[in-house]
Number of protein chains: 2
Amino acid sequence: MMAESPRRGVPEATVGRLPGYLRALTELSETGRDSVSSDELAEKTGVRGAQVRKDLSILGSYGVRGVGYDVTRLSDQIAAELGLSQVRPVVIVGIGNLGRALASYSGLATRGFRVVGLVDNDPAVIGSVVDGLVVRPVSALDTFTELPDPVAVGVIATPTAAAQEVADLLVRHGVRSILSFAPGVLRVPADVHVRAVDLATELQILAFHEHQRELADEGQDAG
Amino acid sequence: MMAESPRRGVPEATVGRLPGYLRALTELSETGRDSVSSDELAEKTGVRGAQVRKDLSILGSYGVRGVGYDVTRLSDQIAAELGLSQVRPVVIVGIGNLGRALASYSGLATRGFRVVGLVDNDPAVIGSVVDGLVVRPVSALDTFTELPDPVAVGVIATPTAAAQEVADLLVRHGVRSILSFAPGVLRVPADVHVRAVDLATELQILAFHEHQRELADEGQDAG
DNA sequence: ATATGTGAAGACGTTCACAGCA
DNA sequence: TGCTGTGAACGTCTTCACATAT
């Protein structure tokens, strides 16, 4: 009745920090370091040492007491946990400035992904070459989703008005992970994962804190 | 010694949802609706009704029992809470594809912000016009930070290697809110707020869940 | 001596369930 | 009757503190 594997269900909060650890470990590896302590890893990723240890212990990781963690081994383990042992193909829909920025972002290739498709519906853009790939019409989505290794992640970089339609299209083509840069909630089946990044939301959160400081300053001046 | 206002310290989780509520309310307002229930607002923002009510009660909001919330009034109240009663000036550093995408994103103007400065260090880019603004050299940052209404938020859209340097520069110019699109942790004084958006991190989190489904599928086939 | 791994405590966030009001 | 506002229950995440291992 119970699971027998060393760890069951990595907490979402931990999952959110794994990419940061992985990035720090990659940097350490490039500078030739082969061991790192939880406190140093914490310092490099902006969390506390105890948090790092808890996170890594959830993965069933083996550090060495009195020494630290083996950089290469831990790196491999986190990559495996994130499913990055295989390179994951990505398709970008909407090749405006944002789509272009994403297409040419080298951080993707170095961190487990490969952009295999660029799609747009603007005839003026279709056929142009961006970062070595020809932009294809939306109708060509099959090309990328019917491969033996089908596209895993769809990125929506279209105007807001088209986002839901594109999401529906991606879902119909079997894509189960979507990263959207459009504001608003996308309606998708329960087995599809969506992450949304919204610039205005981020700025508004910053504005809130800015505003709080203003209130605090006023309070001090006039209190 | 103690605050007397109706609410002290809005929880960070609530702050993170306020922009979503605001967006939904703006849409409702545009379609002429003047009242909305917590359940409807919840449905439009992807949270639960009880969550909406809890969040709004923290703001000291007045809904009407049996009826719902007044769209305009609630909208104004959330905008005020987020410090959006005044338009906040934004400067974007790094005018590549990403910087351009941000500069021409209409969602900023409609949601409380105004891009007042574009800055780059590439002579080939300096002097060009993007979305009605001339790109200025980094040395011109003073132009935007020494106004009577100084720049509130700096956006870092540079390559990774330049991000920390730009952050230092922004801080030196008095900017206390930074939105960074570069991977990695920026080192800033404690009174400066940083929010980081990293594409690769988002994709890796999606990859994790994709991977989990693969494991689940295998387990079902071979279990 | 040094740094991991982890139970226990504490802080934080969400959901329930219903009293209270229109 | 309908929907808000909220204490209380519940669940999740973080931090502490120290036993444990090298």
Side-chain angles (χ1 to χ4, degrees), chain A residues 5-21 24-25 28 33-75 77-78 81 185 205 208-209, chain B residues 5-21 24-25 28 33-75 77-78 81 185 205 208-209:
Chain A
S5 86
R7 43 139 204 73
R8 269 296 63 199
V10 181
E12 196 58 33
T14 295
V15 173
R17 284 185 293 266
L18 293 181
Y21 299 150
L25 288 165
L28 284 165
R33 287 282 300 283
D34 51 30
S35 179
V36 65
S37 71
S38 58
D39 280 340
E40 187 177 359
L41 204 45
E43 202 264 339
K44 286 191 181 300
T45 54
V47 304
R48 306 293 198 92
Q51 185 77 79
V52 171
R53 294 199 295 280
K54 194 47 47 125
D55 285 340
L56 298 184
S57 79
I58 286 165
L59 302 192
S61 154
Y62 287 70
V64 180
R65 291 168 201 239
V67 179
Y69 300 88
D70 181 277
V71 169
T72 305
R73 182 175 183 192
L74 185 53
S75 199
Q77 192 179 2
I78 294 176
E81 191 71 35
V185 175
I205 294 171
F208 170 85
H209 294 293
Chain B
S5 84
R7 42 136 203 75
R8 270 295 61 201
V10 180
E12 197 57 33
T14 296
V15 173
R17 285 184 292 266
L18 293 181
Y21 299 150
L25 288 165
L28 284 165
R33 287 281 299 284
D34 50 29
S35 179
V36 65
S37 72
S38 59
D39 280 340
E40 187 178 358
L41 204 45
E43 202 263 338
K44 286 192 181 299
T45 54
V47 304
R48 306 294 198 93
Q51 184 77 80
V52 172
R53 295 199 294 280
K54 185 64 73 161
D55 285 339
L56 297 185
S57 79
I58 286 165
L59 302 192
S61 156
Y62 287 70
V64 180
R65 290 165 203 244
V67 178
Y69 300 87
D70 182 276
V71 170
T72 304
R73 182 176 183 190
L74 185 54
S75 199
Q77 191 179 2
I78 293 176
E81 191 71 36
V185 176
I205 294 171
F208 171 85
H209 295 293

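A note on names: the letters A, B, ... follow the listed sequences, proteins ahead of strands, and every chain is numbered from 1.
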What is the separation between atom [atom1] on [X] and atom [atom2] on [N], rounded to the nearest whole Å?
{"X": "B:Glu12", "N": "C:dC12", "atom1": "CD", "atom2": "P", "result": "12 Å"}
{"X": "A:Asp55", "N": "D:dT12", "atom1": "CG", "atom2": "P", "result": "16 Å"}
{"X": "A:Arg48", "N": "C:dG5", "atom1": "CZ", "atom2": "P", "result": "20 Å"}
{"X": "A:Asp70", "N": "D:dT22", "atom1": "CG", "atom2": "C1'", "result": "16 Å"}
{"X": "A:Glu40", "N": "C:dT4", "atom1": "CD", "atom2": "P", "result": "10 Å"}

Among A:Asp70, A:Val36, A:Thr72, find the residue that satisfies the side chain to side chain contact (heavy atoms under 4.5 Å, CB included) test when tested with A:Leu25.
A:Val36
Looking only at non-hydrogen atoms, find the nearest pair between B:Gly49 and B:Ala42 and report the distance.
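Answer, listing the atom of B:Gly49 first, then B:Ala42: N-CB, 3.5 Å.
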Nearest non-hydrogen partners of A:Ile205 and B:Gly16, listed with the distance
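In terms of heavy atoms, the two residues are closest at CD1-CA, 3.9 Å.
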Please answer whether the main-chain N or O of B:Lys54 pairs with a side-chain N or O of B:Ser57 as donor and acceptor at a distance below 3.5 Å.
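Checked: pair present.
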Under a 3.5 Å distance rule, please check whether B:Gln77 uses its side chain to pair with a backbone N or O of B:Leu59 as donor and acceptor.
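Side chain of B:Gln77 to backbone of B:Leu59, a donor-acceptor pair under 3.5 Å: yes, one is there.
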Please confirm whether the shortest side-chain N or O distance from A:Gln51 to OP1 or OP2 of D:dC13 is below 4.0 Å.
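It does not, given that no N or O in the side chain of A:Gln51 lies less than 4.0 Å from OP1 or OP2 of D:dC13.
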Treat primed atoms plus P, OP1 and OP2 as sugar-phosphate and everything else as base, then score nucleotides 1-8 of chain D 5' to 3': B for base contact with protein heavy atoms under 4.0 Å, S for sugar-phosphate contact only, - for none.
-BBBBBBB
Does the side chain of A:Ile58 reach to within under 4.5 Å of the side chain of A:Pro11, using non-hydrogen atoms?
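Of all side-chain heavy-atom pairs linking A:Pro11 with A:Ile58, at least one is under 4.5 Å.
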